[in-house]
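Following: one structure in structure tokens, then a few remarks.
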Amino acid sequence: LAQLSLSRGSAGWGRGRQGTMAGFNVRSVLVTGANRGIGLGLAKQFLGKSNPPEWVFATCRDPEGAQAQELKTLASRHPNLMIVALEVTDPASIKAAAARVEEHLKGSGLNLLINNAAILRLNTLESETPEDMSLVYATNVTGPLLVSQAFLPLLKKAAQGSPQPGLSCSKAAIVNMSSVGGSITNPFAWQLGQVISYRCSKAALNMLTKCQSLGYGGDGILSIAVHPGWVQTDMGSSASHQVPLTVDMSVRGILNVLPTLSEKDNGAFVDWEGKVLPW
Ligand code: NDP
């Protein structure tokens, strides 16, 4: 922890990242797992911007279920919010979601894809199971891979249609919500929770982000892995420790960092304050 806070001053804001949320012009954004936690917070804060996107696609597994109630209330107040069914472990559901979004965009592209949905299982080295290893990998790694593949044509369209040079989150970007728990150099909070499948999945997601940056940079698409901090959500509070950040604080930080990212950040791993994290 001390190491984390010591290095904070030398990068991130200290390195000159200036939040420019007001000047952050995203025409369309899609967030997976947007019915609760950080995903819901992202949808809310995008909608609350002084220059909100024309379209916020908030995806969740079951738009008709009780878990989507808050999202539905939000949609009733914001005509630019569209709720889309998307189960990230189901390729057919992903394809159907991409088709619905494409229909709504009426020929324009998708600027920002935020792969936020994920699961965590509180297993240890002793208790970890093949079933949880597979399910967590399918959700946290294969999910973002397949979702990115399905939305790639729309991201490319956004990049091609943009007059902006270089790479940016307002042009075309894939943001993979990662975790410092997946850092090999600094595997955060080992004493508090081993969460083997989760750590392995986020290390793999970081590698996927790097691969996407190599594969899609030439298409004008920025790829970035973002650690949202330790946040008071169902997942963040699942090990019942005191959790420092509210959803609001984390999301405000993320939305200040995204507009500062450019081609030099392509394939990087950064946190909610803009600090570059070790893999
Ligand atoms: P929550 O557990 O609060 O919310 C997870 C979201 O993902 C829910 O909307 C959930 O939907 C959705 N989801 C889970 N599985 C699937 C699936 N198979 N298909 C579609 N949606 C799914 O998590 P957080 O908001 O805390 O986490 C958001 C992201 O931030 C995750 O990637 C997480 O790993 C990362 N993160 C969070 C930290 C924290 O402290 N909270 C720390 C570091 C990283 P449903 O309601 O249907 O289950």
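Nothing here was measured: the structure is a model prediction, and the numbers come from that model.
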So do the side chains of [X] and [Y] get within less than 4.5 Å of each other, counting heavy atoms only?
X	Y	result
I119	L135	yes
L81	F46	no
I114	M177	yes
S170	V26	yes
N25	R27	no
V136	L120	no
R199	W190	yes
L112	S28	no

Classify the angle between the aromatic ring planes of F188 and W230 as parallel (below 30°), tilted (30 to 60°) or perpendicular (above 60°).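 Because their plane-to-plane angle is over 60°, the rings of F188 and W230 count as perpendicular.
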
Can you confirm whether the side chains of S197 and D132 place a donor and an acceptor under 3.5 Å from each other? no

Value rounded to 0.5 Å, distance of [atom1] in [X] from [atom2] in [Y]:
X	Y	atom1	atom2	answer
L71	M82	CG	CE	11.5 Å
R100	T59	CZ	OG1	11.0 Å
S178	L277	OG	CG	8.5 Å
S250	I254	OG	CD1	4.0 Å
I174	L208	CD1	CG	8.0 Å
L255	K49	CG	NZ	7.5 Å

Treating Ile, Leu, Val, Met, Phe, Trp and Tyr as nodes and any side-chain heavy-atom pair under 4.5 angstrom as an edge, say whether [X] and [Y] lie in one connected cluster.
X	Y	result
W272	L40	yes
V31	V88	no
L110	L261	no
M207	L205	no
V29	L113	no

Considering all heavy atoms, the nearest [X]-[Y] contact:
X	Y	answer
S127	T124	OG-N, 2.8 Å
L222	C169	CD2-SG, 3.8 Å
P63	A68	O-CB, 3.5 Å
P165	K171	C-NZ, 4.0 Å
S179	Y198	CB-OH, 3.6 Å

In a table with atom names and distances, give each donor-acceptor pair under 3.5 Å that connects a side chain of residues 145-158 to protein atoms at least two apart or in another chain.
unit_1: S148; atom_1: OG; unit_2: N115; atom_2: ND2; d: 3.2
unit_1: S148; atom_1: OG; unit_2: P144; atom_2: O; d: 2.6
unit_1: S148; atom_1: OG; unit_2: Q212; atom_2: NE2; d: 3.1

Between [X] and [Y], is there a donor-acceptor pair closer than 3.5 Å when you use the side chain of the first and the backbone of the second?
X	Y	result
T233	I38	no
N206	S183	no
N111	A172	no
S162	A159	no
D271	H227	no
E263	L167	yes
D219	I221	no

Could you tell me which residues satisfy ring-ring contact (aromatic ring centres under 6.0 Å, His included) with F269, sequence neighbours excluded, listed by chain and number?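 Residues passing ring-ring contact (aromatic ring centres under 6.0 Å, His included) with F269: W279.
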
Is Q232 atom CD crowded by more than 12 heavy atoms from other residues, nucleotides or ligands, each under 6.0 Å away?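 Yes, enclosed.
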
Please say whether more than 12 non-hydrogen atoms of neighbouring residues, nucleotides or ligands are located less than 6.0 Å from CG in L125. yes

